[in-house]
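In what follows, a structure is listed as structure tokens, so that the remarks can point back to it.
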Amino acid sequence: MGASETATRIAELRRRIEDANRRYHELDEPDITDAAYDALVRELEALERAHPGLADADSPTRKVGALPSGRFAQVAHALPMLSLGNAFSDGEVADFVRRIRERLEREDLVFSAEPKLDGLAISLRYEDGAFVQGATRGDGATGEDVTANLRTISVIPHVLDGDDWPKVLEVRGEVYMARADFERWNERARLHGGKVLANPRNGAAGSLRQQDPAVTAQRPLSFFAYGIGQVEGGSLPETHSATLARLRDWGLPVSDLATVVHGLDGLLAYYARIGAARDGLAFDIDGVVYKLDDLAGQREMGFVSRAPRWAIAHKFPAQEQATLLESIEVNVGRTGAVTPWALMRPVQVGGVTVTRATLHNADHVARLDVRAGDTVIVRRAGDVIPEVVQVVHAQRPPGTVPWSMPAACPVCGAEVVREEGAAVWRCSGGLSCPAQRVQAVFHFASRRAMDIDGLGERYIESLAESGHLRDVSDLYRLTLDDLLDMKRRADERDGTTPETVKAGKVPTKWADNLIEAIDRSRGTTLARFLFALGIEHVGESTAKALAQWFGDLDLVRHLPWPLFKRVPDIGGEVARAIGHFLDQAGNQAVIERLLARGVRIRDTHAPNPLLRDGLDLATLLVDLEIPKVTAVRAAQLASAFADAQALLDAPVQDLAAAGLPAETAEALAGWLEVEANASLLLRSARALAELRARLPERGEQAAGPLEGKTVVLTGTLSAMGRDEAKDKLEALGAKTAGSVSKKTSFVVAGEAAGSKLAKAEELGIEVWDEARLLAFLAQHA
DNA sequence: ATGCCTCGAGTTCA
DNA sequence: CTCGAGGCAT
């Protein structure tokens, strides 16, 4: 970089940092992430160090934070509130420790370590044990008087406990909003139209800045004390840790994660420990803070311009980062759902490189107002999946255009349509769309469906392109040659042909394995088979229910849709979707071919005798969803007519004679006149009779020990996988659910159980550890 | 009609 | 995991 370029860069950095300061402190609307801000400051500091001639007394590196906004009275801090230097790596922490060791000429250093809350730094002034004034940090020397607002925070004592406090005591600490409080607040705000807060930090800052303390009082704010400022007329202990203990004695909240550690190893171990616990903490933190514990040492170390030399903030890798959104593409899913996703310039977030993130649906894109060319903020929240949180509107380049859903499917060109009132847009191409076909096969082969190991999306695509795979039944007639041909094409297409293949050596082991995996999948269960078909609304759980209640593929595949409503948790929508799927000749043909090519269902059994209760004409009439025909009317009809045929043959006046109001009789007659309705009624009645005939006597089925129990699994089990545990519990009659509610019988918690365990404790639901589960399984094996 | 509670579907990276 | 939406009890 030349001298003039350096000067330009320095000016640019100063301008951007000042702008960010203004937004952060005065507007409570940060437009860049903390990590990006830190990076700017560090770059500027480095340049200024390297080019002392370009230093400037007005540079933001010489100030701490921005000037107060002026809406509150100003308060000069008796002792300045300083910020901390940052460390982003173990090396920087080691440098920090080394600097202290060298200056103090001491080997064994004792530090006080504590989490660094993501909130708002404030100072509380107590005189004669009474809270008299509270102020924000402001620029470090002068802050804003927010005493009235701070008084509304219940954990801040108005009067200190005990009587051994100094006459004047300034307590430094952080006002924050706990995550659960933040969530609860926003939930209510969305429901009842209050102010929705962007994140806990902004929530805390904004709440403390209210002109009306009554508004602040509504906000769920908390506080932790972490240090002291001015002290007069009394003395405090000579170590930081003892000072914290004293503050706690006086009734001030101090984080119980604050502790004393020894040397560099102690610091790094603390960092690792808090980092591991981070997601489970009740509040957001962005790092940990280390302070030399003895005050004599602190005094000896002193300060550099804007921070103490005896303390440092060790930051966690950012979980939020800004990056450039290069384009918005769309994906076509198994059901034809067209979902937009963001393609971004690679960025490190929470330790992994993120390049893509889902944008869910068109409404979501519109809500975020995100466009190609935007700078966006990406987050990896508690889980792994990255998410675009926010657009930095201030950094939008000119000439961007709002994104819109393409009118045609990018894969097959069919029209993209949206159902009335629905959120998702779908490709109308159905199975003639190659993308939907590929996804359908991928789903069929997936682990929870037919479990064909080794059949990935890339292979399926290639098989479909070359015409070897038109539908899932073709899987069962693939030959070794088909697979080798497919692989050759795929490698050519992607330019991934291995050198060994070019040299004439064609590996076939993988193909043998795949053929074997396909063959193994021929023996399957009814639940897996039904799930694998990919019927709309039929996921794993509904497929299991269908299998359990009907027990036989031949029965299921010829059942008219109203009969499916006899299964608990299947209503009109789902029943119709199943019926619609089965009504299509093409789908029946696929099932036929699957069976012809060797797929065998191994757990066929008689229908569940509990079905008996709903297998009558009255229930059928309700299930058919005939306009105006309620349960009461259906019962009247069922007792007045011998069977469905009799009902069908009845003239309107007979219907009325059965006790129906004229309006209902007419609606029913009109419905019966439609040919399709009449035949559905007859088909359903026949199916009902057949199903009835197949029902076994209501006998005492071997009820499992967990019959009627709903179990939720969470965390990692060591002795078995989650799926295995799930199967075993279900074999004993339990129902396994994905989330904890008051209906949950008990929760099995493995290692590192998270929110579900917390929820269980909150609801007072029984929790089993792995040992208890194993013991139970062993006992009932 | 309203408010749980579940299920289904789509999704990321190593 | 998170959203949206279906099922069902109230």
Side-chain angles (χ1 to χ4, degrees), chain A residues 183 187 190-191 279 319 329-344 346-365 367-368 378-389 418-427 435-436 438-440 442-443 446 448-449 457 527 530-546 564-578 581 622-623 625 631 710-712 714-715 722 726 735-745 753-756 759 763 765:
Chain A
E183 299 295 342
E187 221 164 274
R190 272 189 288 267
L191 226 59
D279 286 343
Q319 293 205 324
E329 314 274 324
V330 297
N331 226 353
V332 183
R334 169 166 67 87
T335 62
V338 181
T339 50
W341 48 279
L343 196 58
M344 295 166 294
V347 65
Q348 289 289 120
V349 187
V352 302
T353 312
V354 170
T355 54
R356 34 161 74 213
T358 176
L359 294 169
H360 300 298
N361 56 50
D363 291 345
H364 192 111
V365 177
R367 250 196 317 273
L368 287 170
V378 193
R379 172 170 57 196
R380 267 178 93 229
D383 65 324
V384 211
I385 296 171
E387 164 189 35
V388 173
V389 199
R418 160 145 83 168
E419 248 178 78
E420 186 74 24
V424 289
W425 290 77
R426 288 179 199 279
C427 158
Q436 292 188 51
V438 167
Q439 292 301 318
F442 187 65
H443 170 75
S446 67
R448 310 178 92 95
E457 219 172 318
L530 291 173
F531 175 52
L533 291 176
I535 303 167
E536 201 187 352
H537 293 133
V538 179
E540 212 183 350
S541 157
T542 307
K544 265 185 194 155
L546 288 168
F564 292 115
K565 289 172 73 173
R566 295 295 86 230
V567 177
D569 297 332
I570 293 183
E573 202 70 29
V574 177
R576 246 187 287 264
I578 302 170
F581 179 92
V622 174
D623 286 348
E625 297 175 17
T710 302
V711 184
V712 174
T714 183
R722 231 159 59 201
K726 195 172 146 184
K735 214 176 135 206
T736 55
S739 58
V740 179
S741 72
K742 58 184 176 209
K743 288 189 190 167
T744 308
S745 313
S755 61
K756 283 184 236 180
K759 180 93 185 266
L763 294 174
I765 284 163

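Within every chain, numbering begins at 1; the chains are lettered A, B, ... in the order of the sequence lines, protein sequences first and strands thereafter.
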Exercise for the section: Look at all strands and tell whether A/H360 reaches a base, only sugar-phosphate, or nothing, counting heavy atoms closer than 4.0 Å. Expected result: nothing
Completion exercise
Ranking B/dG8, B/dT11, C/dC8 by distance to the side chain of A/S541, first place goes to B/dG8
Handout entry: Straight-line distance of A/Q439 CD to A/Q436 CD, nearest 0.5 Å
Key = 9.0 Å
Problem - Spacing of A/H443 atom NE2 relative to B/dT11 atom P, expressed in whole Å - result: 15 Å
Practice task
Report yes if at least one side-chain N or O of A/S741 is closer than 4.0 Å to OP1 or OP2 of B/dC4; otherwise report no.
Solution key: no
Handout entry: Flag, side chain of A/S745 to backbone of A/T710, donor-acceptor distance under 3.5 Å
Key = yes
Handout entry: Among B/dG10, C/dG6, B/dC5, the one nearest A/K742 by side-chain distance
Key = B/dC5
Fill in the blank from the handout: A/I535 CD1 to B/dC7 P, in whole Å, measures 17 Å
Problem - Closest to side chain of A/P386, choosing from C/dG7, B/dT12, B/dC5 - result: B/dT12
Exercise for the section: Enter the distance from A/I578:CD1 to A/H537:NE2 here, rounded to the nearest 0.5 Å. Expected result: 10.0 Å
Exercise for the section: Please state how far atom CD in A/E573 lies from atom C1' in C/dG4, giving the value in whole angstrom units. Expected result: 13 Å
Exercise for the section: Please report, rounded to the nearest Å, how far the P atom of B/dT11 is from the CD atom of A/E329. Expected result: 13 Å
Practice task
Choose from C/dG7, B/dT12, B/dA9 the nucleotide whose nearest atom is closest to any side-chain atom of A/T358.
Solution key: B/dT12
Completion exercise
Out of B/dG10, C/dG7, B/dC5, minimum distance to the side chain of A/K743 belongs to B/dC5
Practice task
Among the candidates B/dC5, C/dG6, B/dT12, find the nucleotide nearest to the side-chain atoms of A/V574.
Solution key: C/dG6
Exercise for the section: Check every strand shown and say whether A/V424 touches a base, only sugar-phosphate, or nothing at a heavy-atom separation below 4.0 Å. Expected result: nothing
Problem - Euclidean distance, atom NZ of residue A/K726 to atom P of B/dC7 [Å, nearest integer] - result: 9 Å
Completion exercise
Walking DNA chain B from its 5' end, the first of A/R356 and A/G333 to be reached, judged by nearest nucleotide, is A/G333
